[in-house]
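Below you'll find the structure, written out as structure tokens, and then a few comments.
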Amino acid sequence: GLGRALAAQGNPDAALSAFQEAVDIAPDFDAAHLELVNALYRLDRTADSLAAASAFERNDPVLGGVLRASLLRRSGKPDDAVATLKALQEKHSQPAIVRTHLASAILANGDAAEAEAVLREGDDRSIGSKILLVDALNAQGRVGEYLEQQEVVQERPLEESLVLAYAML
């Protein structure tokens with residue numbers, strides 16, 4: 001709302017105040033925390049941004065932790081980002097968002113094989129995970145494997161139950 005409008009008009013300090021007010025009024029509103037953290041980061045207030053992400057992490061350990069890891073990565077601390085995401089993965093039964101961000105951080109850190117392994121250990125079929133898997137395979141010179149797998153999937157006949165489900169639509 002207001003914070004984004006102020007930022008779009010080139011008033012980052014007023015936008016920051018609006019985002020802080022939104023967090024104060026609605027501490028459970030995830031988007032307010034995200035906007036506050038990113039506004040601080042854009043103002044080169046990295047330490048304040050990390051502190052705000054840590055505060056959000058107390059409200060929502062998974063999303064706050066992912067946000068803090070993202071900041072660590074953007075601020076030139078990729079090893080800390082990977083460590084943060086690995087700790088989240090162990091502590092929170094590996095939700096897909098943590099696994100995807102962990103794989104992305106590992107890939108950005110130059111270990112495509114480990115990123116692939118992280119992505120393959122889950123059953124996340126999100127577009128983001130698929131894109132990262134292609135990127136990891138491409139970095140290893142193995143993107144052809146993904147294309148071959150997709151051709152096999154497309155050649156399989158539909159299960160009878162799926163045909164019936166489509167017919168009922």
Side-chain angles (χ1 to χ4, degrees), residues 1-112 114-116 118-139 143 146 150:
L2 177 61
R4 282 189 169 209
L6 290 166
Q9 289 195 335
N11 196 341
D13 293 323
L16 179 61
S17 294
F19 295 137
Q20 182 62 62
E21 186 176 342
V23 167
D24 293 343
I25 292 170
D28 292 333
F29 185 48
D30 296 346
H33 289 276
L34 176 67
E35 294 289 355
L36 174 63
V37 167
N38 285 325
L40 287 164
Y41 185 78
R42 284 190 299 272
L43 290 169
D44 293 323
R45 294 175 53 184
T46 304
D48 292 335
S49 184
L50 285 166
S54 293
F56 177 42
E57 199 170 0
R58 288 189 288 279
N59 275 3
D60 186 328
V62 173
L63 290 179
V66 166
L67 181 57
R68 188 167 56 82
S70 173
L71 284 171
L72 289 168
R73 190 170 92 182
R74 288 187 279 166
S75 62
K77 299 178 182 174
D79 293 334
D80 292 345
V82 169
T84 297
L85 290 162
K86 283 184 175 181
L88 276 174
Q89 186 179 38
E90 290 173 13
K91 189 174 181 179
H92 296 285
S93 67
Q94 303 183 16
I97 188 170
V98 174
R99 187 173 32 260
T100 302
H101 282 273
L102 174 59
S104 178
I106 291 169
L107 184 59
N109 226 10
D111 193 344
E114 185 181 354
E116 176 191 359
V118 167
L119 290 165
R120 290 195 186 274
E121 74 186 25
D123 62 354
D124 181 22
R125 300 182 194 284
S126 71
I127 291 172
S129 289
K130 288 178 182 178
I131 290 170
L132 279 171
L133 181 59
V134 169
D135 288 347
L137 290 170
N138 189 40
V143 75
Y146 184 82
Q150 294 308 304

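Keep in mind that what you see is a predicted model, and the values were worked out from it rather than measured.
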Worked verdict on Phe19 versus Val23 for side-chain contact (heavy atoms from CB on, under 4.5 Å)
CA-CA 6 Å; Phe19 295 137; Val23 167; 5.8 Å; no
From [atom1] ([X]) to [atom2] ([Y]), nearest 0.5 Å:
X: Leu85; Y: Arg68; atom1: CG; atom2: CZ; result: 9.0 Å
X: Glu116; Y: Leu132; atom1: CD; atom2: CG; result: 12.0 Å
X: Ser70; Y: Leu34; atom1: OG; atom2: CG; result: 9.0 Å
X: Ile106; Y: Arg73; atom1: CD1; atom2: CZ; result: 10.5 Å
X: Leu119; Y: Glu114; atom1: CG; atom2: CD; result: 10.5 Å
X: Leu16; Y: Leu6; atom1: CG; atom2: CG; result: 11.0 Å

Between [X] and [Y], which heavy-atom pair has the shortest distance, and what is it?
X: Thr84; Y: Ala69; value: CG2-CB, 4.0 Å
X: Ala15; Y: Gly3; value: CB-O, 3.2 Å
X: Ala103; Y: Ala115; value: O-CB, 3.5 Å
X: Leu88; Y: Val62; value: CD1-O, 4.0 Å

Contact check, side chains of [X] and [Y], non-hydrogen atoms, under 4.5 Å:
X: Leu71; Y: Thr46; answer: no
X: Val134; Y: Lys130; answer: no
X: Arg42; Y: Pro12; answer: no

Quick one: does any side-chain atom of His33 pair with a main-chain N or O of Ala52 as donor and acceptor, under 3.5 Å?
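Not a single qualifying donor-acceptor pair exists.
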Exam field: side chain Ser49 to backbone Arg45, donor-acceptor pair closer than 3.5 Å:
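A pair under 3.5 Å: no.
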Stepwise, does the side-chain contact (heavy atoms from CB on, under 4.5 Å) test hold for Glu21 with Leu2?
CA-CA 10 Å; Glu21 186 176 342; Leu2 177 61; over 6 Å; no
Is it true that Arg4 and Glu35 make a salt bridge, defined as a side-chain N closer than 4.0 Å to a carboxylate O?
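The answer is yes: the pair qualifies as a salt bridge.
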Should Leu50 and Leu40 be marked as a side-chain contact (heavy atoms from CB on, under 4.5 Å) after you check the CA-CA gap, both sets of side-chain angles, and the distance that decides it?
CA-CA 9 Å; Leu50 285 166; Leu40 287 164; over 6 Å; no
Run the numbers on Leu43 and Asp13 for side-chain contact (heavy atoms from CB on, under 4.5 Å), then give the verdict.
CA-CA 9 Å; Leu43 290 169; Asp13 293 323; 4.0 Å; yes
